[in-house]
Amino acid sequence: MNQTTHALLLAGLLASPAAALAESTVLPVSRSSGIISISLPADKLTLLALPLHENIVASGTIGAPSGSTLPLSVTTLGNVVATPHSIQLQSGAAYGQRIRISASTSSSVTTVTPIAGAAAGDRFIIVPDETIAGIFGATNNVVPLRSEATTANSDIIYLENNGVLTGYFYRSGSGWRTLTAPFGADQSNVALEPNSAVYVLRKAGVDRSITFVGYTATGRQRTPIAAGANLINNAFTVNTTLGKAIPAAAVVGGATTATSDIVYLENGGVLTGYFNRNGAGWRTITAPFGADQGNVVIPAGKAIYLLALSASSPFYLNETFTE
Amino acid sequence: MKNIILTLLLASTAASQAASFTGLFTGGGVVTSNSSPLVLGTVRFGTFPGGFDIAANATNLTALDAAFIQFHNSITLDNQGGAPAGAIVVSDISVDRNGTYDGVSYAAGLANQAVFAWVLNGTLMTATEHGIFRSTTNFASLTALPPNDDILANFDASAGATASVGSFSGPVLPGLGMEASNRLVAVPEAGSSVLTMLAGLACLVRRRR
């Protein structure tokens, strides 16, 4: 996230009495902006969500789509390709869908894939997508994560793209590198896929945390799903529950775990899997006939690990209290 | 200093959703017994069955080879990836957990077993030095989820690797971490032991005729 934006937002937020008084790790200062601090404990994994937008570049309504190209009601859109941005629809049949922008003009954008269901009149926002440097700093100066010359004792972050998780570490004195090419090119500018998150694997050391400052997301959150592993961002700054955030219609539910999407939530570094049995209710994968798990909390700041049966999974997250 | 690089970076299979294997010697690098960075040779990844006495067979390449369940075999190459001399990076090897390796299914032979690297300064037939190093990483279980189905085996001293044959000792190679190198040791009449055994077998066959 842009550090200048951070500083400006932080200054404004700290000036407010609400922020000064709040002691929780989650500080919803207003409907449109906030601060959230997320723990990154040593020697544990964390499903790190990115709950706040750096800023909203443009908003309005779209015209009739032509393939992957969406005409916009705005006519002064700047360059949203030089650095990665995505467009998110906030109404209509494709409500919540967020897709990376591959080309743009002052009044239109082209997405990397067409947005199924998009129609003239749908509301949109355009937001920047995060990069490794944007979250952790090009020199690993934000948290900082543990870095050494090798992967042996360095913290590792995994990003997901089309169902494939790729690991990165900060090579001390060099920069961000993939695990498989520790002497390869710098990876600072690798962008997270829209509405994706970070799987952080910390090694021994001291507990850390990361603080995000920005604009809160609103409405349903949806992004294309790949068969297999998906790191799904939990874009909201308040706790929610499995049952409220992920309705039965948002996953493939079957009689067994073998025929269901599986949602993993992380708590204290431990992943627990849940599936929606026959679409009737949430169960743990280890107790498929056990108690309903719909009230299990999805904490703000924690992402969701989805093991999808196929790319046709309908997965989406509802904004709690609004749907 | 002659900048000979010992790195093997195979073609990326990033688009694949299969789990991957990576083997790394990037802390102190691999050196021969005379402290030269190893620049050509063979790196074999796999495991030794529990109960096999590696130390007792340290000079018997034939016995070691017979016991070793090989997952992957790489010939080290020069000057790839910008790595310092002595570093070995073998990456993006696809892991087939339904596959068979050395005649043993992954499930029976490799799953949950420690990852060993057997480094030779030539082929099994020509090597005069070798080292066997055990990482703290195990081959992934059959049920491991991504990214835990990926195998990142680090053979550096700082990663807790141990030397079953060979040792960890200086020098610190330029451009690598400030830690001991993976040092190979001589195999007494090394490659020739295999040849001797083959010659012996040939004599037996001839006598029987």
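To find a chain, count down the sequence lines: A is the first, B the second, and so on, and within it residues start at 1. Everything numeric here is computed off the predicted structure, so don't read it as measured data.
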| query | How far apart are the closest heavy atoms of A/Leu165 and B/Pro147, and which atoms are they? | reply | CD1-N, 3.5 Å
| Proximal to chain A - members of residues 150-158 of chain B, heavy-atom separation under 4.5 Å |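 Residues in range: B/Asp150, B/Leu152, B/Asn154, B/Asp156, B/Ser158.
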| query | Can you tell me how far the OG1 atom of B/Thr26 sits from the CZ atom of A/Phe183, to the nearest 0.5 Å? | reply | 5.0 Å
| message | Quick check for you: to the nearest 0.5 Å, what is the distance between A/Leu45 atom CG and B/Asn148 atom CG? | response |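 With rounding to 0.5 Å, CG (A/Leu45) is 7.5 Å from CG (B/Asn148).
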| query | Checking A/Leu201 against chain B: side chain, backbone, both or neither under 4.5 Å from a heavy atom? | reply |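 Neither; nothing under 4.5 Å.
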| Heavy-atom side-chain proximity of A/Leu179 to B/Thr22 below 4.5 angstrom |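 Result no, sub-4.5 Å side-chain heavy-atom pair not found.
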| Residues two or more places apart in sequence or in another chain: which of them pass side-chain contact (heavy atoms from CB on, under 4.5 Å) with A/Pro84? | A/Arg100, A/Asp129, A/Thr131, A/Ala191
| task | Tell me the residues of residues 143-160 of chain A whose non-hydrogen atoms fall below 4.5 Å from those of chain B, in number order. | result | A/Ala149, A/Thr150, A/Thr151, A/Ala152, A/Asn153, A/Ile156, A/Tyr158
I'd like a table of donor-acceptor pairs (distance under 3.5 Å, sequence neighbours excluded) in which one partner is a side-chain atom from residues 163-174 of chain B, with atom names and distances.
unit_1: B/Ser169; atom_1: OG; unit_2: B/Arg183; atom_2: NE; d: 2.5

| message | Can you confirm whether A/Asn278 is buried at CG, in the sense that more than 12 heavy atoms of other residues, nucleotides or ligands lie under 6.0 Å from that atom? | response | yes
